[in-house]
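Everything quoted here is computed from the prediction, not taken from an experiment.
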Amino acid sequence: MIDPEELLGWYSVAQRDLPWRRPGVSAWQILVSEFMLQQTPVARVDPIWRDWVARWPTPSATADAGAAAVVRAWGKLGYPRRAKRLHECAEVIATRYDDVVPDDVETLLTLPGIGTYTARAVACFAYRQRVPVVDTNVRRVVARAVHGLPDAGSPSRRDLEDVGALLPDDERAPVFSVAVMELGATVCTARAPRCGVCPLSHCAWRALGFPAGTAAPRRVQKYAGTDRQVRGRLLDVLRASSSPVSRADLDVAWTTDPAQRDRALDSLLVDGLVEQTADGRFALCGEGDPLP
DNA sequence: CAGCCGTGGAG
DNA sequence: TCTCCAAGGCT
């Protein structure tokens, strides 16, 4: 089980000083951090986020910057479609919600790039709502401490009910959620959990003697040689250039498999990350858009 | 729902 | 070197 007193006591002294957790950070800026943290480690997000919120503090500022500038500022955080969706999200909030980030989960779920986790994270961390927040860290901690399993199973709607039942009934709920995430990120880690410093004295996994379980080895995605790598190379070229680049300039970015290169470029066009200019060159989408 | 979508640090 | 994986979302 997870004793809130133990967990919160630990969090109060062990929490990392992350900039988006500080007082005065706006809901939009918290939302930006959540977008960036989708599958990208804290250490890489930190410096980008600081520059980002100083440059574009509001949804409208982000929307007005244009998609190309946003994708460029995203740099190498990975999964550039997230940058594209963040820009789209900013546009919707600026135009439809008067530049105010919605505060309810249902509305947040309708926004581009916001799914089950991010909607709840914003409602909880930005608006202090008592809603369960379930990410990969939370699922792992619950699997171990509550169910005595070495790792979380595949995601299910049961997770939300599980975590909802653990939430304190009072205003401590948001801190409880961030504390569970922090424990999963720094102590109850996927690879080498540091059980020796874990504050939870009633962990079911430990009580059972750390059973190994019948782990179904989850296959890790390949990267080298995949379309994702090719897309990354092409985007590298486009990010580095402030003007449209020729087809030849893109061709040299990936020469081992021209067919694969063409497919990758096409997928970038389909994703709306890249566009072709009238003269046949290529640029980040929205590169030439005039500002209102 | 399984597969796809980037990147780089750690072990 | 190579494998793993890091606050997911979308189709």
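- Using a 3.5 Å distance cut-off with no hydrogens or angles, the side chains of A:Asp227 and A:Gln260 do pair a donor with an acceptor.
- Distance check on atom P: C:dA7 versus B:dC4 gives 23 Å, rounded to whole Å.
- No side-chain donor from either of A:Trp10 and A:Ser12 sits under 3.5 Å from a side-chain acceptor of the other.
- Taking 4.0 angstrom as the limit, A:Arg120 places none of its side-chain polar atoms (N or O) nearer than this to OP1 or OP2 of C:dG9.
- A:Ser242 and A:Arg72 form no side-chain donor-acceptor contact under 3.5 Å, judged by distance and modelled atom types alone.
- Rounding to whole angstrom units, NZ of residue A:Lys84 and C1' of C:dT11 are separated by 18 Å.
- The CZ atom of A:Arg228 sits 10 Å away from the C1' atom of B:dG3 (whole-angstrom rounding).
- Here the side chain of A:Arg85 is nearest to one of B:dG6, C:dC10, C:dG8, namely C:dC10.
- A straight line from NZ of A:Lys76 to P of B:dT7 spans 5 Å, rounded to a whole angstrom.
- In the interface, the side chain of A:Arg44 is paired with the base of B:dT7 through a donor and an acceptor atom under 3.5 Å apart.
- Judged by distance alone, the side chains of A:Tyr117 and A:Glu34 do bring a donor and an acceptor atom under 3.5 Å apart.
- If you check distances only, the side chain of A:Thr116 never reaches the base of C:dG9 with a donor-acceptor pair under 3.5 Å.
- Rounded to whole Å, the separation between the C1' atoms of B:dG8 and C:dC10 comes to 24 Å.
- Distances shorter than 4.0 Å separate none of the side-chain N or O atoms of A:Gln38 from OP1 or OP2 on C:dG8.
- The distance between atom NZ of A:Lys222 and atom P of C:dC5, rounded to the nearest whole Å, is 13 Å.
- When each of A:Leu111 and A:Arg21 is assigned the nucleotide of DNA chain C bearing its nearest heavy atom, the one mapping closer to the 5' terminus is A:Arg21.
- Contact annotation: A:Tyr223 reaches the phosphate of B:dT7 (side-chain N/O to OP1 or OP2, under 4.0 Å).
- Checking A:Phe125 against A:Ile114, the closest nucleotide of DNA chain C that is more toward the 5' end is the one next to A:Phe125.
- Atoms CG (A:Leu109) and P (C:dG8) sit 16 Å apart, rounded to a whole Å.
- Across B:dG6 and C:dC5, the matching C1' atoms stand 13 Å from one another, rounded to whole Å.
- Atom CD of A:Gln39 is separated from atom P of C:dG8 by 5 Å (rounded to the nearest Å).
- With both ends at atom C1', the span from B:dC1 to C:dG8 equals 15 Å, rounded to whole Å.
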Worked check of side chain to side chain donor-acceptor pair (under 3.5 Å) between A:Thr189 and A:Arg194: CA-CA 7 Å; A:Thr189 54; A:Arg194 304 162 55 214; over 6 Å; no

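- Contact between the side-chain N/O atoms of A:Thr118 and the OP1/OP2 oxygens of C:dG9 is found at a separation under 4.0 Å.
- Atom-to-atom, CZ of A:Arg81 to P of B:dT7 comes out at 13 Å; the value is rounded to the nearest Å.
- When each of C:dA7, B:dG6, C:dG9 is scored by its nearest atom to the side-chain atoms of A:Arg82, the top-ranked nucleotide is B:dG6.
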